There are 2 protein chains.
Amino acid sequence: MTKYVKQTRILVAVDCIIFGFDGYNLKLLLIKRGFEPEKDKWSLMGGFVQSDEKPEEAASRVLKQLTGLKDVYMEQLLVFGEPNRDPIERTISITYFALVDIKKYEKQLSDDYRAEWFPLNRVPKLIFDHDRMVQNAKRKLRYKAALHPILFELLPEKFTIPQILTLYEQVYDVQLDKRNFTRKLRSTGLLIKQMDKDKENSKKGAFYYKLDKATYKEKFTKFLNFVSNPEY
Amino acid sequence: MTKYVKQTRILVAVDCIIFGFDGYNLKLLLIKRGFEPEKDKWSLMGGFVQSDEKPEEAASRVLKQLTGLKDVYMEQLLVFGEPNRDPIERTISITYFALVDIKKYEKQLSDDYRAEWFPLNRVPKLIFDHDRMVQNAKRKLRYKAALHPILFELLPEKFTIPQILTLYEQVYDVQLDKRNFTRKLRSTGLLIKQMDKDKENSKKGAFYYKLDKATYKEKFTKFLNFVSNPEY
DNA sequence: CCAAAAGTGTTGAACATACACCCATGG
DNA sequence: CCATGGGTGTATGTTCAACACTTTTGG
């Protein structure tokens, strides 16, 4: 059968907004662009969708290239498609956000792409419309995390309650009451208490917890309420 | 400057999942496809993104072509991009949902495209992956409408509380308590009571309301709670 | 006058918030 | 022994869900 005639074919790219949490700050992984235009400027990690590839496969591939990680939590966000967003040639970009455990990220790989983690409030100016992409992703992260337990994806396998608290405070830029927060968290049934403690951050030490994977999956679509009236 | 070499250019389309409400049932607007492949099969309304056009402009254009309506509530949903989803040539489709006041839709225009409204539970088999697109849009509609007052976009300028109740019941396929629902609705401050009544559906007659546009805009991003623990 | 739909009122339970205190321990 | 951060407990107000009754009017 014949092709669709007289229609414009367009370059399709993916761009990844990669969030990480180091225990203190929420961070964004950026790279220095290796080719023209805008060579050596800060940019999101991205790549073109190949001819035999689904967009989500392209996003996973790109993420793996940069971080060495697979099976990472990713979610499709907005498409950015203004005709002139890329000065070289029209390119439509599908954005994804990725939530990674920053400690699993292998430092040496970053050097290939000259990657760097930036605290969210110190992100440099980015190329093209990548600033808007980041804004949108931050907004979406807040929105989603207010209702679903996705922030656990940012934590290592073993984590403490004070760590989660800090994470939520970082994401929403608010102070939370640790007592009420702890109660809510425990009541979800998502946590399994471990026997050992993290003694790095305090003298008393804080118990480690693991995520109850079964409950996590089951309750993922249920609406939670860790943050009341979040701004997003 | 040179173009990006050796990359695949791909057809980019938009497909619109158009919801309407006739006072009794939630409906979907479909067309009979006018060209091969899959000519004369039921399909979503769609079109290719033109070379000078943003994707959202393409979606608005396509919607206007079919319904004659502009300034319609639209929202970008998922991108469907499997390499073989269109058998003729690879096409990536960006989906949008549109919420229209069914009464503003002019019947005669539909004939050009052989369009028809289908109650959501009687939607025929659609071409390609359009079934999945509809499923996704239904899910997203439920999700969004549980938290934000978007369903007002489906109602005419003047509407009654029993009408909104029916609408929510249709969307979530549940029975709601009219007393609790009415109280929640009134407490939002979104409604302005009119002096006249709709006498079509009951002997007593139900007061008309209008949407308070200012409050609507202001409260749009606030989380509401018309439906508790919605399935989505 | 009565059926059918609109509209108002009450109450107990669940949940959220605000706030105060004890615990463990490294230095 | 004390400063520091971890952890538990309680009282109060708000919100939600369950439920019963009155109002209006066309036929």
Side-chain angles (χ1 to χ4, degrees), chain A residues 23-25 145-147 149 155-156 158-170 172 174-210 219 222-231, chain B residues 23-24 145-147 149 155 158-170 172 174-210 219 222-231:
Chain A
Y24 307 96
N25 288 291
L147 302 164
L155 294 168
K158 277 165 53 175
F159 48 82
T160 67
I161 290 184
Q163 266 173 39
I164 314 177
L165 179 67
T166 309
L167 176 51
Y168 273 86
E169 290 182 334
Q170 283 288 313
Y172 293 98
V174 290
Q175 284 278 103
L176 297 173
D177 185 298
K178 67 169 173 172
R179 298 162 289 193
N180 294 333
F181 184 82
T182 309
R183 183 161 351 118
K184 276 186 196 175
L185 206 52
R186 273 187 293 144
S187 76
T188 61
L190 289 170
L191 301 186
I192 303 171
K193 194 173 190 172
Q194 305 304 113
M195 297 314 293
D196 50 338
K197 283 183 165 187
D198 162 41
K199 307 274 281 183
E200 304 234 324
N201 296 292
S202 75
K203 296 165 183 174
K204 182 174 177 181
F207 278 107
Y208 281 117
Y209 287 82
K210 283 187 179 174
K219 295 210 174 163
K222 294 271 173 273
F223 292 90
L224 303 175
N225 185 23
F226 288 135
V227 186
S228 42
N229 302 315
E231 292 285 327
Chain B
Y24 306 97
L147 301 164
L155 294 168
K158 278 165 52 175
F159 49 82
T160 67
I161 290 185
Q163 265 173 40
I164 314 177
L165 179 67
T166 308
L167 176 51
Y168 273 86
E169 289 182 333
Q170 283 289 314
Y172 293 98
V174 290
Q175 284 278 102
L176 297 173
D177 185 297
K178 67 170 174 172
R179 297 160 289 191
N180 293 334
F181 184 83
T182 308
R183 178 156 0 97
K184 276 186 195 173
L185 206 53
R186 273 187 293 146
S187 77
T188 60
L190 289 171
L191 301 187
I192 303 170
K193 193 172 189 171
Q194 304 303 112
M195 299 312 294
D196 50 338
K197 282 183 164 186
D198 162 41
K199 308 275 279 184
E200 302 234 326
N201 295 292
S202 75
K203 294 165 181 172
K204 185 174 177 183
F207 278 107
Y208 280 117
Y209 287 82
K210 283 187 182 177
K219 294 211 175 165
K222 294 269 175 273
F223 292 89
L224 303 175
N225 184 23
F226 288 136
V227 185
S228 44
N229 301 315
E231 292 285 328

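Everything numeric in this text was worked out from a predicted model, so none of it was measured. Letters A, B, ... mirror the listed sequences (proteins, then strands); counts begin at 1.
- Rotation axes derived from the C1' atoms of the five outermost pairs at either end of the helix from C/dC1-D/dG27 to C/dG27-D/dC1 lie 10° apart, to the nearest 10°.
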message = Strictly under 4.0 angstrom, non-hydrogen atoms only: write out the protein contact profile of nucleotides 3-12 of chain D, one letter per nucleotide from the 5' end, B, S or -.
response = --BBBBBB--
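- Between B/Asp198 atom CG and C/dA6 atom P there is a gap of 9 Å when expressed in whole angstrom units.
- Partners of B/Lys197 according to the side chain to side chain contact (heavy atoms under 4.5 Å, CB included) rule, which considers only residues two or more places apart in sequence or in another chain, are B/Lys199, B/Lys204, B/Phe207.
- Applying the salt bridge (charged side-chain N to carboxylate O under 4.0 Å, His left out) criterion to A/Arg186, with sequence neighbours excluded, gives no partner residue.
- In this structure, B/Leu191 atom CG and C/dA6 atom C1' are separated by 15 Å, rounded to whole Å.
- Residues passing the side chain to side chain donor-acceptor pair (under 3.5 Å) test with A/Asn25, sequence neighbours excluded: none.
- The residue among B/Val227 and B/Lys199 whose nearest nucleotide of DNA chain D lies closer to the 5′ end is B/Val227.
- Atom CG in A/Leu176 sits roughly 11 Å away from atom P in C/dA18 (whole-Å rounding).
- Whole-Å rounding puts the A/Glu200 CD to C/dG27 P distance at 13 Å.
- In this entry the distance linking CG of B/Asn225 with P of D/dT15 reads 12 Å, nearest Å.
- Inter-residue side-chain proximity for A/Ile192 and A/Tyr209 is flagged as unmet; no heavy-atom pair is nearer than 4.5 Å.
- In this entry the distance linking CG of B/Leu185 with P of C/dA6 reads 14 Å, nearest Å.
- Applying the ring-ring contact (aromatic ring centres under 6.0 Å, His included) rule to pairs touching residues 182-205 of chain B yields nothing, sequence neighbours excluded.
- Residues passing the side chain to side chain contact (heavy atoms under 4.5 Å, CB included) test with A/Leu147, sequence neighbours excluded: A/Tyr143, A/Phe223, B/Tyr143, B/Leu147, B/Phe223.
- Pairs of residues two or more places apart, or lying in two chains, that qualify as side chain to side chain donor-acceptor pair (under 3.5 Å) and include a residue from residues 158-167 of chain A are A/Lys158-A/Asp196.
- Distance, B/Gln175 CD to D/dC19 P: 14 Å, rounded to whole Å.
- Closest to the A/Ser228 side chain, of the nucleotides D/dT25, D/dC16, C/dT17, is C/dT17.
- Put simply, the side chain of B/Pro149 reaches to within 4.5 Å of the side chain of B/Leu224, judged on heavy atoms.
- Taking the side chain to side chain contact (heavy atoms under 4.5 Å, CB included) definition, one finds that A/Leu165 meets it with A/Glu169, A/Leu176, A/Lys178, A/Phe181, sequence neighbours left out.
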